[in-house]
J.: 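Before anything else, here's the structure in question.
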Amino acid sequence: MSQNLSEQEQIRRESLLAIRNMGIDPYPAAAFPVTHTSKAILEGFPIHPDDYTEVSFAGRIMSRRIMGKAAFTVLQDAVGKIQIYVRGEDICPPGDLSLYDELFKKHLDIGDIIGVTGYVFTTKTGETSIHVKTLTLLSKSLRPLPIVKTDAEGNVHDAFTDPELRYRMRYVDLIVNPQVREVFIKRSRIVNTMRSFMNTFGFLEVETPILQPLYGGAAARPFKTHHNALEMTLYMRIANELYLKRLIVGGYDGVYEFSKDFRNEGMDRFHNPEFTQVELYVAYKDYQWMMDFVEEMIERVAVEVTGSTEVQVGEHIISFKRPWKRFTMFEAIEHFTGIDISAMDEQQLFKTARELRVHVDATMGKGKLIDEIFGEKCEPYLIQPTFITDYPVEMSPLAKKHRSKDGLVERFEAICNGKEIMNSFSELNDPIDQRHRFEAQLELGKRGDEEAMQLDEDFLRALEYGMPPTAGIGIGIDRLSMIMTNQHAIQDVLLFPHMRPEG
RNA sequence: GAUUCCGUAGCUCAGCCGGUAGAGCAUAACACUUUUAAUGUUGGGGUCCUGGGUUCGAGUCCCAGCGGGAUCACCA
């Protein structure tokens, strides 16, 4: 075992032993009473210095500058960092400097967690610091941390940047990269803002099955698993739509769920096998209402999370201020290509797609062709949040047919930064129509479409009892978080993104 | 899944035309009672991702594998 340890790890284990031999427990059980955070001290001390004559603080050692009989050390807690000043004569009993000379100087390391008590003061160079009176080891760290330093100009040196190491050891990433910690605080705030917004409308947060006997509610390949006692195949949900609609049938006016969904597909910077959506269904509303609702909700999220309706994302400034642009799909295509395809039949669409050099093949039907043209010619260029409405019926087996436009459904997606971030419809509540749509999906499945939906008899039974007209929406929390936190990859908004096993 | 780039000390990275492995930080020892990328002096630390091949000789060239990044395809 010790053969595999690096030199620094061996030295730390030797320190651990030496600490024990001094009669000091390197992992004490007792709670350590903390009176102040770093932030509270740094903000409060300059205003009310008299309130900081006795503080108790705990944190991780992030750097040490030892100068003989005194030392400066930077401790990091959950909200920031603060410098402490340690003098041997202050923390040791008279005549015995071993606590300072042996424990502090020799056997403590960057990464160790300590608790201190003392008083706050300002150093000669003007830095608010804690003058330590007592020092307690709270946890000995046995592995060396990456050392990230920031100079006086704010330049970061030797940043811990290797994505593989950062994702595999997120705990290390969080310790040494405060901006990473900030991303996940913001993600939490995004979810909380949405939750409280929906709650003010009286909508009910619910939990529905993750293990499902039939997977439905989206077009995707599922993960498959097996229930031993029932000897049956179960699927990890790809969406929770069909369960939430059952609850609308059951009489709730509005239900929502923040749900992990699972799709057995490729991984890249926009896709992780498990991802989070919030789905919301509201009775007696339609997709027009939902656009207004979600516009307000997301504008509020932007303000709560970034302090502004304008968010810097890569090289763009994205404004979530209401109202957002609204295009029908045909309008968007005409806007970006100059071609009105609204009256075209399948052959004309195919020809047009070819002329636009959109990647199409002969198996594609009308709806798919329109979707391909949109996906290649419009979506990537929609940077500001934009509602695209009125999709071809073939692509939307759970959406209600448009009230006035043949061949279309009442559906919208919001596109932002060139990517879909939400998908919504006036929900199909005609059980006969829904059965026909499922049957059309079954046909697609027989022809080899692995993403075709299954026919869910119980869901149809629920619809046959009667579902009120309902507006529904799914919002991709990961992608929304990427935008709100200006992150390039989904891995950067997932605490533990999926990785291949380590060699 | 395809293409392409990458994998060297705990971390961040050099390593030329193939010739006995380098830097900074970290670490160890000593010095230093207001430092802050602390400083000074002196040390230690390597399965060069793995396995083959070419060669007198491979971190370096070739092949395969593993892992990661980017782009593309599928998808949200």
Side-chain angles (χ1 to χ4, degrees), chain A residues 3-12 14-15 62-74 81-90 100 105-107 109-111 121-127 129 131 141-169 172-173 176 217-221 238-239 261-277 359 371 375 379 413-415 419-423 449-451 474-480 482 488-491 497 499-503:
Chain A
Q3 296 297 317
N4 299 328
L5 294 179
S6 70
E7 183 190 37
Q8 295 195 45
E9 289 173 302
Q10 288 179 36
I11 290 167
R12 287 189 180 218
E14 285 161 18
S15 286
M62 298 303 286
S63 71
R64 312 207 303 152
R65 292 177 288 279
I66 293 173
M67 298 161 301
K69 297 184 176 60
F72 290 95
T73 288
V74 173
K81 291 177 185 167
I82 191 164
Q83 178 173 263
I84 64 170
Y85 178 57
V86 182
R87 289 199 308 189
E89 65 200 58
D90 291 328
Y100 180 77
K105 274 171 70 173
K106 267 189 161 45
H107 298 310
D109 292 290
I110 289 174
F121 74 112
T122 303
T123 65
K124 223 159 58 174
T125 54
E127 180 158 347
S129 307
H131 191 126
S141 165
L142 297 182
R143 285 175 183 260
L145 279 176
I147 306 295
V148 181
K149 294 197 172 188
T150 307
D151 67 21
E153 284 85 47
N155 303 310
V156 176
H157 299 262
D158 300 330
F160 181 60
T161 52
D162 183 327
E164 180 170 5
L165 293 177
R166 287 183 47 230
Y167 301 151
R168 286 197 196 282
M169 300 193 287
V172 175
D173 191 26
V176 302
R221 295 162 66 184
I238 58 173
D261 292 341
F262 306 85
R263 298 189 185 176
N264 207 339
E265 287 157 355
M267 292 164 57
D268 59 30
R269 74 183 182 94
F270 289 104
H271 300 88
N272 194 66
E274 54 183 287
F275 67 106
T276 305
Q277 284 195 91
H359 177 254
D371 196 56
E379 191 171 86
E413 291 189 359
I415 314 291
K419 281 278 170 187
E420 176 196 341
I421 56 170
M422 56 184 83
N423 181 19
D449 184 347
E450 292 184 82
E451 294 176 350
I475 303 172
I477 298 296
D478 310 293
R479 290 201 181 162
L480 183 63
M482 285 170 67
H488 176 73
I490 196 169
Q491 287 79 10
M499 302 286 279
R500 285 194 167 86
E502 284 182 74

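Chain identifiers are assigned alphabetically (A, B, ...) following the order of the sequence lines, protein sequences preceding nucleic acid strands; residue numbering begins at 1 within each chain.
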J.: Please list, chain by chain and in numerical order, all residues satisfying salt bridge (charged side-chain N to carboxylate O under 4.0 Å, His left out) with A:Arg221, sequence neighbours excluded.
T.: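 A:Arg221 satisfies salt bridge (charged side-chain N to carboxylate O under 4.0 Å, His left out) with A:Glu450 only.
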J.: Check every strand shown and say whether A:Ala71 touches a base, only sugar-phosphate, or nothing at a heavy-atom separation below 4.0 Å.
T.: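 Since no nucleic acid heavy atom lies under 4.0 Å of A:Ala71, the category is nothing.
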J.: Salt bridge (charged side-chain N to carboxylate O under 4.0 Å, His left out) with A:Asp173: which residues, sequence neighbours excluded?
T.: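 Listed in chain order: A:Arg166, A:Arg170.
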J.: Strictly below 4.0 Å: does A:Arg500 bring a side-chain N or O up to OP1 or OP2 of B:rC66?
T.: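 No.
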J.: Which pairs count as salt bridge (Lys or Arg N to Asp or Glu O under 4.0 Å) when at least one residue sits in residues 141-160 of chain A, sequence neighbours excluded?
T.: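 Those involving residues 141-160 of chain A are A:Glu9-A:Arg143.
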J.: Looking across every strand, which nucleic acid part, if any, lies under 4.0 Å from A:Asn264 by heavy atom: base, sugar-phosphate, or nothing?
T.: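 No contact.
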J.: List in chain and number order the residues that pass side chain to side chain donor-acceptor pair (under 3.5 Å) with A:Arg479, two or more places apart in sequence or in another chain; answer none if no residue qualifies.
T.: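 Applying side chain to side chain donor-acceptor pair (under 3.5 Å) to A:Arg479 gives A:His271.
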J.: Examine B:rG10: is either OP1 or OP2 under 4.0 Å from a nitrogen or oxygen in the side chain of A:Arg12? Give yes or no.
T.: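 A:Arg12 to B:rG10 OP1/OP2: no side-chain N or O under 4.0 Å.
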J.: What's touching nucleotides 28-33 of chain B from the protein side, N or O pairs under 3.5 Å?
T.:
residue : atom : partner : partner atom : Å
B:rC32  : N3   : A:Ile66 : O            : 3.3
B:rC32  : N3   : A:Gly68 : N            : 3.2
B:rC32  : N4   : A:Gly68 : N            : 3.3
B:rU33  : OP2  : A:Lys69 : N            : 3.2
B:rU33  : N3   : A:Glu89 : OE1          : 3.2
B:rU33  : O4   : A:Glu89 : OE1          : 2.3

J.: My understanding is that only residues two or more places apart in sequence, or in another chain, count here; which of them pass salt bridge (charged side-chain N to carboxylate O under 4.0 Å, His left out) with A:Glu164?
T.: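 If we apply the salt bridge (charged side-chain N to carboxylate O under 4.0 Å, His left out) test to A:Glu164, skipping adjacent residues, the hits are A:Arg168.
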J.: Checking A:Thr123 now: which residues fulfil side chain to side chain donor-acceptor pair (under 3.5 Å) with it, not counting sequence neighbours?
T.: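 In terms of side chain to side chain donor-acceptor pair (under 3.5 Å), with neighbours along the sequence ignored, A:Thr123 is linked to A:Thr125.
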J.: Can you tell me if A:Arg65 touches the phosphate of B:rA37, counting only side-chain N or O atoms and a distance under 4.0 Å to OP1 or OP2?
T.: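 No, outside the criterion.
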J.: Taking only the C1' atom of each, what is the distance from B:rC11 to B:rG45 in whole angstrom?
T.: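 It comes out at 14 Å once rounded to the nearest Å.
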J.: Of all the choices, B:rA70, B:rA26, B:rA37, which nucleotide is nearest to the side chain of A:His157 once you look at every atom?
T.: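 Taking heavy atoms from C-beta onward, the closest nucleotide is B:rA37.
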J.: Name all residues meeting the salt bridge (charged side-chain N to carboxylate O under 4.0 Å, His left out) criterion together with A:Arg269; count only those two or more places apart in sequence or in a different chain, and write none if there are none.
T.: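 For A:Arg269, no residue satisfies salt bridge (charged side-chain N to carboxylate O under 4.0 Å, His left out) once neighbours in sequence are set aside.
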J.: Report yes if a side-chain nitrogen or oxygen of A:Lys149 is closer than 4.0 Å to either non-bridging phosphate oxygen (OP1 or OP2) of B:rA38; otherwise report no.
T.: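 Checking B:rA38 against A:Lys149, a side-chain N or O does come within under 4.0 Å of OP1 or OP2.
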J.: Which residues pass the side chain to side chain donor-acceptor pair (under 3.5 Å) test with A:Gln83, not counting sequence neighbours?
T.: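 Side chain to side chain donor-acceptor pair (under 3.5 Å) check on A:Gln83 returns A:Arg65, A:Ser129.
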J.: Quick one: which protein N/O atoms are closer than 3.5 Å to N/O atoms of nucleotides 72-74 of chain B? Pair and distance per line, please.
T.:
residue : atom : partner  : partner atom : Å
B:rC74  : N4   : A:Asp268 : OD2          : 3.2

J.: Name the pairs: protein N/O against N/O of nucleotides 6-9 of chain B, kept only if under 3.5 Å.
T.:
none

J.: Distance between the P atoms of B:rC56 and B:rG46, in whole angstroms?
T.: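 The answer is 31 Å between these two P atoms.
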J.: Who are the side chain to side chain donor-acceptor pair (under 3.5 Å) partners of A:Asn272, not counting sequence neighbours?
T.: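 So A:Asn272 forms no side chain to side chain donor-acceptor pair (under 3.5 Å) with any residue.
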